Amino acid sequence: MKLKRYRLEVSFEWLLSEVGTMHWADFTAQRLAETREGPYVSCSGITPSGDFHIGHLREILSAEMIHRACLDAGLDSRYIFIVDSMDPLRRVYPFLSEDYQQYIGCPLAFIPAPDSDGRPSSDGRSYAEHFLEPFLQALAEIGVFPEVIMNHLTYADGLFAEKIDSAIEYANEIKEIIESISGRELDDNWFPYKPLGSDGSMDGVTVTGYEKPYVHWTDKNGNSGSADIRKAEGKLPWRIDWAARWGIHGVTCEPAGKDHGAAGGSFDTGLPICRILGSSPPEKMVYEWIQVKGAGPMSSSSGNTIGPLETLSIVPPEILRYIIARSKMNRHIEFDTGGMMFVIADEYERLVANPPKKKEGMSKRKEISVDTRLAARRLSQTERGFEPKGTISFRHLAMLAQIKNSDTDIWNSLRNSGHLSGEPHKALQQRLLRMRNWIRSIHFPEDARIHIRNKIDDEVREKLSEEQKKFLKKLAIEFGKIDWTEDLISSTIRNTASEFGIEGRESYTVLYWAMLGRNNGPKASALLLEIGLEDAIDLLNS
RNA sequence: GGGCCUGUAGCUUAGUCAGGUAGAGCGCCGGGCUUUUAACCCGGUGGCCGUGGGUUCGAAUCCCAUCAGGCCCGCCA
């Protein structure tokens, strides 16, 4: 019986990774609709023990996208974010002062937030709130608005009481499950509930008895007391807490990081424990980690985490969502704020501008691929149901932001090129702001930086034919005769080129070699205008 | 020590459950367009499917071994 169940779970897991079927979010929604009754509750859970990092976004977005897919499929769905505020402080982290030693073992909801020096502050905010707030702010920027549930309040409201009582009643069975599935050995005085001692810490507290609803204890200081299971006076150990909350909140789907998902991990023990506690668990679903790499030369020496807020100061929110939406759950994502951003942004922009369509005679496999990409496009929108329009490209903006210091000049340029009519929309202004932040940061890839030459590179000089050299010299002379406007620059280039019998394409290539040391670049006349008449003439004569 | 996931073109990857000539996007090369805002359009190049065995008429796919990267089995979420 047990074995049979296990096989089913494995098979679901396999199907989940099988994106060939369709997008994982839509697949999961469909699967949920087929296998259980609504309402459907997608859930994420994170411990606010310190700064949130980019990896947490996968936890959040995986669940949120499944929630959206449920809504899109017409299902009754909610998305909840359970903050593990009842979890204890494990140790004094590097960013905390030694003062936190006294709080080890205490729930994060009940200890003070650190101030900028890492000391306990007295502004009344809890440690949990302190780290949660900026994260929620980041989530709002990517269009994620979860129902936030502080776990310590669920304890305080007595919602855990029944589960705690059952856990104590079935303590032996639960112990057996944990020992057999995880392979761990629990010692003899193991108890499925951890009361807080006299100093508010759950470390070193020994349970001495249970009389519903009180768990009696003695702590390391020799004090004794009783914890009311209907209040936040103690908590279930993690593996049981997780299983219990599935029942309490009616969770139907909770993607878990691969640490939980590994064989013998907390997901595997959670499933049977949840059943023992009288509820039906969600099906196993595991996502891979996001790894940060190539974040620039600084990152390797100075730690390579990047926070959601820092990420969002340089990456457009829909691109961030797309990074999650385009990847299968069981694939690593190598997060890179450098050159990879261009590649992903290009891909996203193409997908937006040119949504794939099914065609007559297309193979089944290709049709599936079309569906999957359309779903990724849909789920990347910060606003559900928003139909994105093609916009100014990421690359183009990167270039403009580098050659033009004034935002006004950029808007004018975009109007000239037909990318913009009237005043820039707020979203576009934000995009430019992020782009400027990115360019200023260490993350911006070196090879995307535009380095305007003040003299022609030696290598380039060797490549140039005599004709081409003459062309550049002549161009310098002609430039000296005109008003320095884009139109005149442009026509002068063409006129001079034809004088030398150089084709249009070649004349530009030669110019780019001279100006940038590469084959192509931003519109030559615009670039020359930015360089300025004198510098341009100097360059061409060099 | 035990177990799980991943390894496919220069890059990102689809295909692996149910074995049947390895698909795509980017890059690159060529052509077209011609005021080139890294644009756009068309065409092409490119893979001993980590490695070695086995099963099979036939293996990226199944089995065994092995290498590489990551993770879990320490109440750690």
Side-chain angles (χ1 to χ4, degrees), chain A residues 10-11 13-15 17-21 45-49 56 59 84 87-88 90-91 178-179 181-187 190 192 194 202-203 236-242 256-269 286-289 291 326-334 336 339-340 342-344 346-347 350-351 353 356 363 365-366 368-370 372-373 392-400 403-404 410 413-414 416-419 448 450 486-487 489-495 497 503-505 507-509 511-512 516 518-527:
Chain A
V10 165
S11 135
E13 226 183 319
W14 178 83
L15 284 164
S17 66
E18 180 42 35
V19 174
T21 318
I46 301 179
T47 306
S49 56
H56 288 127
E59 162 87 22
D84 286 308
D87 284 16
R90 304 281 173 208
R91 58 191 170 89
I178 294 177
E179 290 188 327
I181 294 184
S182 78
R184 278 168 41 206
E185 235 173 87
L186 303 173
D187 55 47
W190 179 85
K194 301 170 75 170
M202 57 189 86
D203 286 355
L236 294 163
W238 159 246
R239 283 175 189 259
I240 306 172
D241 182 302
W242 203 21
K258 67 167 169 179
D259 47 348
H260 298 294
S266 44
F267 221 126
D268 284 353
T269 52
V286 177
Y287 61 84
E288 260 288 351
W289 291 138
Q291 297 173 354
R326 72 193 280 276
S327 310
K328 282 168 49 161
M329 269 196 169
N330 67 341
R331 304 292 295 217
H332 296 257
I333 293 179
E334 213 167 88
D336 172 10
M340 183 62 85
F342 284 117
V343 176
I344 305 275
D346 279 347
E347 188 180 304
R350 239 173 261 120
L351 193 55
S363 70
R365 199 171 275 175
K366 288 210 164 166
I368 287 163
S369 154
V370 167
T372 307
R373 280 181 294 153
I392 155 145
S393 85
F394 202 68
R395 282 182 193 277
H396 186 185
L397 197 60
M399 183 274 297
L400 285 179
I403 62 169
K404 292 182 189 295
I410 291 183
S413 167
L414 289 174
N416 287 339
S417 59
H419 287 95
I450 294 177
E486 243 186 86
D487 281 349
I489 294 170
S490 185
S491 55
T492 304
I493 294 172
R494 272 175 290 121
N495 293 338
E503 283 182 34
R505 190 193 195 99
S507 63
Y508 283 100
T509 306
L511 259 178
Y512 288 120
L516 305 173
R518 49 203 299 172
N519 290 332
N520 48 25
K523 189 177 184 183
S525 50
L527 194 55

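Being a predicted model, the structure only gives us computed values, none of them experimental. Per chain, numbering begins at 1; letters A, B, ... match sequence-line order.
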Quiz prompt | By ring-ring contact (aromatic ring centres under 6.0 Å, His included) - contacts of A:Y287 (at least two apart) | solution = none
Practice problem: Could you tell me whether A:D487 atom CG has more than 12 heavy atoms of other residues or ligands within 6.0 Å of it? | Solution: no
Exercise. Take A:S413 and A:L400 through the test side chain to side chain contact (heavy atoms under 4.5 Å, CB included) and record every step on the way to the result.
Key: CA-CA 8 Å; A:S413 167; A:L400 285 179; 3.6 Å; yes
Quiz prompt | Integer angstrom distance from the C1' of B:G27 to that of B:A38 | solution = 13 Å
Practice problem: Could you tell me which residues satisfy side-chain contact (heavy atoms from CB on, under 4.5 Å) with A:S490, sequence neighbours excluded, listed by chain and number? | Solution: A:R494, A:Y508, A:S525
Quiz item: Counting any heavy atom closer than 4.0 Å, what does A:S413 reach on the DNA or RNA strands: base, sugar-phosphate only, or nothing?
Solution: base
Quiz item: Rounding to the closest angstrom, what is the interatomic distance between B:G46 and B:G53 at atom C1'?
Solution: 30 Å
Self-check item: B:G19 versus B:C33 - spacing of their C1' atoms, nearest Å
Solution: 47 Å
Quiz item: Heavy atoms under 4.0 Å, any strand shown: does A:L236 hit a base, just sugar-phosphate, or nothing?
Solution: nothing
Quiz item: Which value, in whole Å, describes the distance between the P atoms of nucleotides B:C62 and B:A18?
Solution: 9 Å
Quiz item: Under 3.5 Å, side chain of A:E59 to main-chain N/O of A:G45, donor-acceptor pair present?
Solution: yes
Practice problem: Could you check A:K366 against A:L414 and say which one's nearest nucleotide on RNA chain B is further toward the 5' end? | Solution: A:K366
Self-check item: Shortest side-chain distance from A:S490, nucleotide among B:U36, B:U35, B:A38
Solution: B:U35
Pairs: protein N or O with nucleotides 7-12 of chain B N or O, under 3.5 Å:
from, atom 1, to, atom 2, distance (Å)
B:G7, OP1, A:R331, NH1, 3.2
B:U12, O2', A:R326, NH2, 3.0

Quiz item: With sequence neighbours left out, what residues match A:Y512 under ring-ring contact (aromatic ring centres under 6.0 Å, His included)?
Solution: none
Quiz item: Counting side-chain heavy atoms from CB outward, which of B:C5, B:C72, B:G70 is closest to A:D259?
Solution: B:C72
Self-check item: Candidates A:H260, A:R239, A:E179 - the one meeting side-chain hydrogen bond (donor to acceptor under 3.5 Å, both in side chains) with A:T269
Solution: A:R239
Quiz prompt | Polar side-chain atom of A:D241 near backbone of A:P237 as donor-acceptor pair, under 3.5 Å | solution = no
Quiz prompt | C1' spacing across the pair B:G7 / B:C48, given as an integer number of angstrom | solution = 16 Å
Quiz prompt | Closest to the A:E288 side chain, choosing from B:A38, B:G23, B:C5 | solution = B:C5
Quiz prompt | Given B:U37, B:U36, B:C5, the nucleotide with the shortest approach to the side chain of A:Y508 | solution = B:U36
Practice problem: To the nearest Å, give me how far apart CG (A:D346) and P (B:G25) are. | Solution: 14 Å
Quiz prompt | B:G20 to B:A60 separation - C1' atoms, rounded to the nearest Å | solution = 13 Å
Self-check item: Atom-pair distance (CZ on A:F394; P on B:A39), nearest Å
Solution: 16 Å
Self-check item: A:L527 CG to B:A38 P, straight-line distance once rounded to whole Å
Solution: 11 Å
Quiz item: Is the phosphate of B:G69, meaning OP1 or OP2, less than 4.0 Å from a side-chain N or O of A:K258?
Solution: no
Practice problem: Please state whether the phosphate of B:A14, meaning OP1 or OP2, lies under 4.0 angstrom from any side-chain nitrogen or oxygen of A:K328. | Solution: yes
Self-check item: Spacing between A:H260 atom NE2 and B:G70 atom P, to the nearest angstrom
Solution: 20 Å
Quiz item: Rounded to the nearest Å, what distance is computed from the CG atom of residue A:L511 to the P atom of nucleotide B:U37?
Solution: 13 Å
Quiz item: Quantified in whole Å, what is the P atom distance between nucleotide B:G10 and nucleotide B:C49?
Solution: 12 Å
Self-check item: Separation of the C1' atoms in B:C67 and B:U51, to the nearest angstrom
Solution: 7 Å
Quiz prompt | Strand RNA chain B in bracket notation, Watson-Crick/G-U under 3.5 Å with | for pairs to another chain | solution = (((((((..((((......[..)))).(((((.......))))).....(((((..]....))))))))))))....
Quiz item: What is the distance, rounded to the nearest whole Å, between atom CZ of A:F267 and atom C1' of B:G3?
Solution: 18 Å
Self-check item: A:R326 side, atom CZ; A:T372 side, atom OG1 - distance, nearest 0.5 Å
Solution: 13.0 Å
Exercise. Tell me which of A:R350 and A:A448 sits closer to the 5' end of RNA chain B, going by the nucleotide each one is nearest to.
Key: A:R350
Practice problem: Mind calculating the distance between CZ (A:R91) and P (B:C75) to the nearest angstrom? | Solution: 15 Å
Self-check item: Salt-bridge contact A:E288-A:R331 (side-chain N to carboxylate O under 4.0 Å)
Solution: no
Practice problem: Go through the structure and list residues passing ring-ring contact (aromatic ring centres under 6.0 Å, His included) with A:H56, not counting sequence neighbours. | Solution: A:F52, A:H53
Quiz prompt | Closest nucleotide among B:U37, B:C71, B:G69 to the A:H332 side chain | solution = B:G69
Quiz item: Atom OH of A:Y287 to atom P of B:C72: distance rounded to whole Å?
Solution: 12 Å
Practice problem: Check every strand shown and say whether A:W242 touches a base, only sugar-phosphate, or nothing at a heavy-atom separation below 4.0 Å. | Solution: nothing
